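Structure first, then comments.
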Amino acid sequence: MNRALPRLLQLASPALPVGAYTYSQGLEWAVEAGLVRDQATAGSWIGGVLEEGIGRFEAPLTACLQRAWSAADIAEVERLNAEYLASRESSELRAESVQMGYSLRRLLHDLDERSLPPAFAAMPEPAFPAAWALTAAVWNIPPADSLTAYLWSWCENQVLAALKTVPLGQAAGQRLLLALGDRLPALVQQALVLPEAQWSNFAPGFALASSGHEMQYSRLFRS
């Protein structure tokens, strides 16, 4: 066993201090609107966003970012980072990714400053996928494993948000994670080879939920 596996577990851990637990990405609004009200509707909502948005845009983009960091192609990193930020459907989603990217960059600086390229420190707004991809590249985590962990971490945070807002029981949350986890291998394989011309984050319900959350009167989460 090499160090890639424990590094991967560290990167995907809920204990990673990037603030992911403070965001619901519009799920809280979907609960408020009655669209998500039990285990079945939570699974439908989270699974739909995973398949149609995260899996077909954020995942392949993150894979390309890791390859660009590994090749020291800074121009490509900057292009993909800008494309990701421009794709955010609401100000909350954009602020979320910038905050988490900033937090992960600061953590990496504290843990392994010597391994970080100067271009990373110079980026004015590294989005979370760019920071995650660099971490995976620096820690020599294979792209398929890195992407699986990225998607798993997203699913776990969404399920934790559902547990708090629907609310759901712990067993229901674990059933959701089992079902979502079964989808990840196919999504990862797709993301690793999907041409950029076929990327798509067309998920209007997700965009409307995020926009609605910005005006929600009472809320627990920041997005």
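Worth saying up front: this structure is predicted, and the values here are computed from it rather than measured.
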First locate atom [atom1] of [X], then atom [atom2] of [Y], and finally report the distance between them rounded to the nearest 0.5 Å.
X    : Y    : atom1 : atom2 : answer
L160 : L168 : CG    : CG    : 11.0 Å
D182 : L177 : CG    : CG    : 11.0 Å
Y102 : E125 : OH    : CD    : 12.5 Å
L50  : W45  : CG    : CH2   : 13.5 Å
C64  : E83  : SG    : CD    : 9.5 Å
Q190 : L147 : CD    : CG    : 10.5 Å

From the options E214, H213, E28, select the one residue that forms a side chain to side chain donor-acceptor pair (under 3.5 Å) with R219.
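Only match with R219 under side chain to side chain donor-acceptor pair (under 3.5 Å): H213.
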Quiz item: If you look at every heavy atom in V18 and M100, which pair is closest and at what distance?
Solution: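 Looking at all heavy atoms of both residues, the closest pair is O-CG, 3.3 Å.
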- prompt: Can you name the nearest heavy-atom pair linking N81 to A127, along with the distance?
  reply: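 Shortest heavy-atom contact: OD1-N, 2.7 Å.
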Please tell me if the side chains of [X] and [Y] come closer than 4.5 Å, counting only heavy atoms from C-beta onward.
X    : Y    : value
S211 : W29  : no
L180 : L151 : no
P129 : S97  : yes
E89  : F206 : yes
R3   : W139 : no
R56  : N201 : no

Under 3.5 Å donor-acceptor, [X] side chain and [Y] backbone:
X    : Y    : value
R105 : M123 : yes
S70  : Q66  : yes
S24  : S223 : yes
D145 : I141 : no

Does the distance from a Lys or Arg side-chain N to an Asp or Glu carboxylate O, for R222 and E96, drop under 4.0 Å?
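No.
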(Q) Classify the ring geometry of F57 against W199: parallel below 30°, tilted from 30° to 60°, perpendicular beyond 60°. (A)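 If you compare the ring of F57 with that of W199, the planes turn out perpendicular.
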inquiry  = Tell me every residue that passes ring pair (Phe, Tyr, Trp, His ring centres under 6.0 Å) with W69, counting only those two or more places apart in sequence or in another chain.
reply    =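 Scan of W69 (ring pair (Phe, Tyr, Trp, His ring centres under 6.0 Å), adjacent residues dropped) gives F120.
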